[in-house]
Amino acid sequence: MASGTQIKRACENGYFSFDEVEPLSPAAKAFFEENGYVILTNFCSTGDTDELRAAASKILSDFHESPSKSASVFTTAEQDQKVLAKYFLDSASAISCFLEEKQLPDSSAPAVNKIGHALHDLDPTFARFSKQKSIQSIASVLALQRPALVQSMYILKNPYIGGEVKSHRDATFVYSVRGHEAPTGACLGFWWALQDATEENGCLWAVPGSHRDKLGLRFEKNAAKNGTIFSGKENVAYDQDQFVPLPMETGDLVLLHGGVVHMSKENQSSKSRHAYSIHLVEERISPECWLEPPAEVPFNVSE
Ligand code: FE2
């Protein structure tokens, strides 16, 4: 969907018009394989983006209207780490709100940073969107044999306070029982701009080709299964000048190879930057992953 404003792009490389008949063209696929990401412009209709934003708005208003004990936990100075850890682990199969680290001093309700991580299973609007045929087609073109949809997030990147997301690989956090043998590494990320994403309001930045560097770090459940730990370490450090900005218009989709290094800066502008993302893995999630393994049902567009 064209937003009406032309987003400034550093280069035209990596942007391909989405076509329902051929969701991932050979040229777009080749760019993805070379760089670890590719942007499909105009993937969503205005109806889609409006519907997803309205569904998220409803979740947020419910959250603010009946603050759960979790909400109070997040606004208490002395946070109970055990409760926080449980809230986080439980979010793998729930619709949970996570607050921005910074809050505006005069706000009446706490600002939510993201909603996760089972929107694709539990919310009918997100479920319908996340299981559409074009997603299945893209997974198929990228040679996933049994793609499983395992995680979803709605990210708000609020005006003035939307937090920085430090550089990382999604495969650190979401990984298949099959390891990294799939052509998309441990996972394949889909990230839709539901509002224009610019350098001003915190668009994604990525290091082209970094998906070929070996992944060393994984986010796992701890031995007691009641919290999380990082295991291993990253082998390669990246300079800021290796990152390229990926500005996107409302409705554009970026595909992210699980190994590609990416980040987003703090939103210091007056405009929010809403986005929706999902992750697919080959077959099913690893039992070591912090995400509770879902029922072993492969991705199914007919659900
Ligand atoms: Fe990410």
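Note that the structure is a prediction, hence the values are computed from the model and not measured. Remember, it's 1-based here, ligands and their atoms both numbered in the order they're listed.
At a threshold of 4.5 Å between side-chain heavy atoms, the hydrophobic network of Ile, Leu, Val, Met, Phe, Trp and Tyr places L215 and F243 in two separate groups. Cluster membership for V207 and F32, using ILVMFWY side-chain heavy atoms within less than 4.5 angstrom, is not shared.
Listed by chain and number, the protein N, O or S atoms at a distance under 2.8 Å from the Fe ion (ligand 1) are H168 NE2, D170 OD1, H262 NE2.
Between F88 and H117 the shortest side-chain heavy-atom distance falls below 4.5 Å.
In summary, the side chains of E249 and T41 do not present any donor paired with an acceptor at a separation below 3.5 Å, with no hydrogens or angles considered. A side-chain donor from one of H262 and D170 sits under 3.5 Å from a side-chain acceptor of the other.
Here Y87 and F98 bring their ring centres to under 6.0 angstrom of each other.
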